[in-house]
Amino acid sequence: MRTRRTIAFPLAALVLLLALATTGGAAPSGDRELTVLVPAEFPTLDTHETVSGDQSTVQYHVFSRLYTLDERMKPQPDLFTSESLSKDGTTWTYELRPNVVFHDGTPLNAEAVKYSYERMMKSKGSQRALFALIKEVRAESPTRLVLVTSAPSPSLRNNLGHAASGIVSPAADRRLGDGFGLRPVGAGPYRLQEWVKGSHILLARHDRYYGARPYFDRILFKFVTDATTRTLLINTGQADVALRVQPIDIPRLQANRGLRVGRISGRNIFFQLKTSKGPFSDVKVRWAANHAVDKQAIIERVLFGAGEPARSLVESVDGSTPVGFYQYDVERAKTLLRQAGAEGAKVLLLSPTTRYQSDAEVSQAVAGYLRQAGFDVQVRVLGDWPAYVAAVTRGEFDLYMLGWGGSTGDPDNPFRRLFHTSVAGKLWNVGGYRNAQIDRLIEQGGSEFDPSRRAKIYADLQRTVWREAPWLFLYRLSTFIVSKAEIQGIKVLPGTEMPYFWLAQR
Amino acid sequence: MLLHYVVRRVIHLIPTLLAVSFIVFALVRMIPGDPALAIAGPEATPEIIAEIREALGLNRPLLTQYAGYLAGLLRGDLGASIRTHQPVWADLWLRLPATLELAAAGMLISLAAGIGLGVAAALRPGSWTDMSARFLSLFGVSSPTFATGLLFMLVFGYYLRLFPIAGSGGARYLVLPAVTAALTSVAFLTRLTRASLIEVLAQDYVRTARAKGLALYTVVAKHALPNAVIAPVTVAGLEFGRLITGVVVLETIFARPGIGKMLVDAIQFRDFPVIQGLILVFAVMFALVNVGVDLAYAVADPRIRLG
């Protein structure tokens, strides 16, 4: 009996602690609040320093833009009422919506747009390239804005619809300086009410928003990094929406009738092959690699169904068209390898980890298939993204994994960045693909305004690249957004796998 | 005497922390991967990346950069985040409480439960209490934090709904992560307390005390325990280091806004000033706890002289 007393104290203390713990808490919830579970936090909300999809989601609510992308990544007019383009295709004149105000009450006029664009062009921001072709911005009256580009630029509309092209309040930017990224002021449907680092961002409706009044009074973006935690929270009704739910949890969530599982077909995942030297400089070896890998099996067994076999290069962009499929055929792969005299070719496969869904596992599977076809594969998995990019930049690979979604929805940027000779050997054509015909098609497509002619140019481009196979084509990745069944109207941009909620309701 | 001792111990910390600051400074720069790349994002052009490198001063020699950093440290300035341009202190200050809360709760639980269970086990070796305490401690040492964290979340948060699954906002949210954080330490402390108390209870003076007719409780509490807890308390100081590393993982799993999660994010973005500042803060916390442990010796055992 006396022993009991010695353990009594610590036990009592524990019980007391637990009892105390169960009484506190319980957040008071107002009416019409939407709780969204977001996987990754970001350092800033400055629209001109956009890097991640999760960041873009919040920015898309806080800032408004000249255009807003719809679910097919097509730019729709947002801040203007009319648009005209000069005959030579370089001068754009916009009549802006009158009486638009920022969250701080200052007017959003042509001067403010000019201020924002010039701020972007001067910034160190990664997305400055979106504005590279803009030569001059003129505010001719409070509502008349003129943009002059250095060359005809049909991708301009998409670029100006990107999350990085938001219009900032000049008054707030001047007042806050470096602090603007933490207390951003735009004219979007929601304003920033609170940002508790590491915990959440709370947005409140902008009552003087020019567009349709959003249904939700507030949107609470909660940062929950761990995927299992997100699944548990959404499955117990402790959140309204969960982003990037892992594929393995999907069957269980589908069984919950109170939830809706949305599949987003997003970025393409592929291996870029080193075409400048080594075994993959021979097109037959590249074909061999493409035939060696069973894409369907990888999707089913490694990705748990989170993908579709690729039929083209970057399938979320406008103008993407199915151009082919390399059948899984080991015998054919072996024959091609023999014809190329490259049996037993040594190749170094570079893989990231935790960048894309199951990336390192997929790399191991691909390596296994390549070995079956007669390649001698060495796999190197790099710790995290910056380390991976460093190795890629040094060219330490014969093939490396990359994903590309096309964040503006326009095909010009991805194709120029991935295949143009001017970036051969640099990011992101580190594989060193060179083809004068492709360069020409990229240039033509980049300045062609006629939609049907442009579509034909890019179809040619996709067919040619597919045939020349500078990549080992894999699949188009799916990500999953899970929401309560009663919530309607969530919009998603496939290129960035990014949802927005101002049209959503319960 | 005591004050003199404390001051001396704190002065001794300075070279240690200087060494830590240099090692961390050099290490973060040796990790492959460039902050400019992380800032610029996956779609950036090589020209933009080069410009950002230049602007960050990453092209300057390592020692020049360190000298600048050290000069700032001496003024109490940890530098500014290269991502948010805000002083490292500003964010740190906001997020430190969540971590301290978790570390302190974890430490309290591990001391209370570890010593309590250890004493219970030592008093009746081989009994049911002893066996359960030993089983619990075996479970504690053998389970990694991230696994027990998810297990507790599933059992107590998801199925039983006793506690919130994740998040922050009051003591309710603290229970699962704190218990998880404490578990491994509880295990060690239980085993250690049990072993050293059994040893002390076999000493002559304990028998003498019992022979005088003192109650077992008085003997244990007044005579045996103060001698027996020296080892567990020392270990508790070291366990604090483990607790802090556990916190980094737990804050991610339980979505708590502490500096552990901040560190993980900073590493991913290669935000050098933030990484340096946070590790320095962890080092200071660890060092101070161990100074505290040394002081606790003196309180527990007057034979230990400070000097």
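Naming convention: chains lettered A, B, ... in sequence-line order (proteins, then strands); numbering from 1 in each chain.
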For the pair A:K197 and B:M262, evaluate side-chain contact (heavy atoms from CB on, under 4.5 Å) and give the outcome as yes or no after the intermediate values.
CA-CA 8 Å; A:K197 281 288 182 80; B:M262 188 177 165; over 6 Å; no
Could you go through the side-chain contact (heavy atoms from CB on, under 4.5 Å) check for B:V264 and A:T225 one step at a time?
CA-CA 11 Å; B:V264 174; A:T225 310; over 6 Å; no
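Distance check, rounded to the nearest 0.5 Å: CD1 of B:I31 to CG of A:D384 gives 7.5 Å. The NE2 atom of B:H85 lies 9.5 Å from the CG atom of A:L182; values are rounded to the nearest 0.5 Å. Atoms CG and CG, from B:L150 and A:L232 in turn, are 8.0 Å apart once rounded to the nearest 0.5 Å. One finds the OG atom of B:S168 at 8.0 Å from the NZ atom of A:K222 (value rounded to the nearest 0.5 Å).
Interface summary for chain A: among B:R95, B:K261, B:R161, the most heavy-atom pairs under 4.5 angstrom belong to B:R95. Across B:D265, B:D91, B:L225, the residue that shares the most heavy-atom pairs under 4.5 angstrom with chain A is B:D91. Per-residue counts of heavy-atom pairs under 4.5 Å with chain B were compared for A:V423, A:L402, A:N235; the largest is that of A:N235.
Pairing each heavy atom of A:P43 with each of B:T84, the nearest pair is O-CG2, 2.9 Å.
B:I165 touches chain A through backbone and side chain together, each having a heavy atom under 4.5 Å away. In this structure, the portion of A:T228 lying under 4.5 Å from any heavy atom of chain B is its side chain and not its backbone. Contacts between A:E41 and chain B at a heavy-atom distance below 4.5 Å involve backbone atoms as well as side-chain atoms. B:T252 touches chain A through backbone and side chain together, each having a heavy atom under 4.5 Å away. Using a 4.5 Å cut-off between heavy atoms, B:R256 contacts chain A through its backbone alone, with no side-chain atom that close.
Side-chain atoms of A:T229 come within 3.5 Å of backbone N or O of B:I253 as a donor-acceptor pair.
Looking at A:D226 and B:F146, their side chains never come closer than 4.5 Å, going by heavy atoms from C-beta outward.
The number of heavy atoms from other shown groups lying within 6.0 Å of CD1 (B:I198) is above 12.
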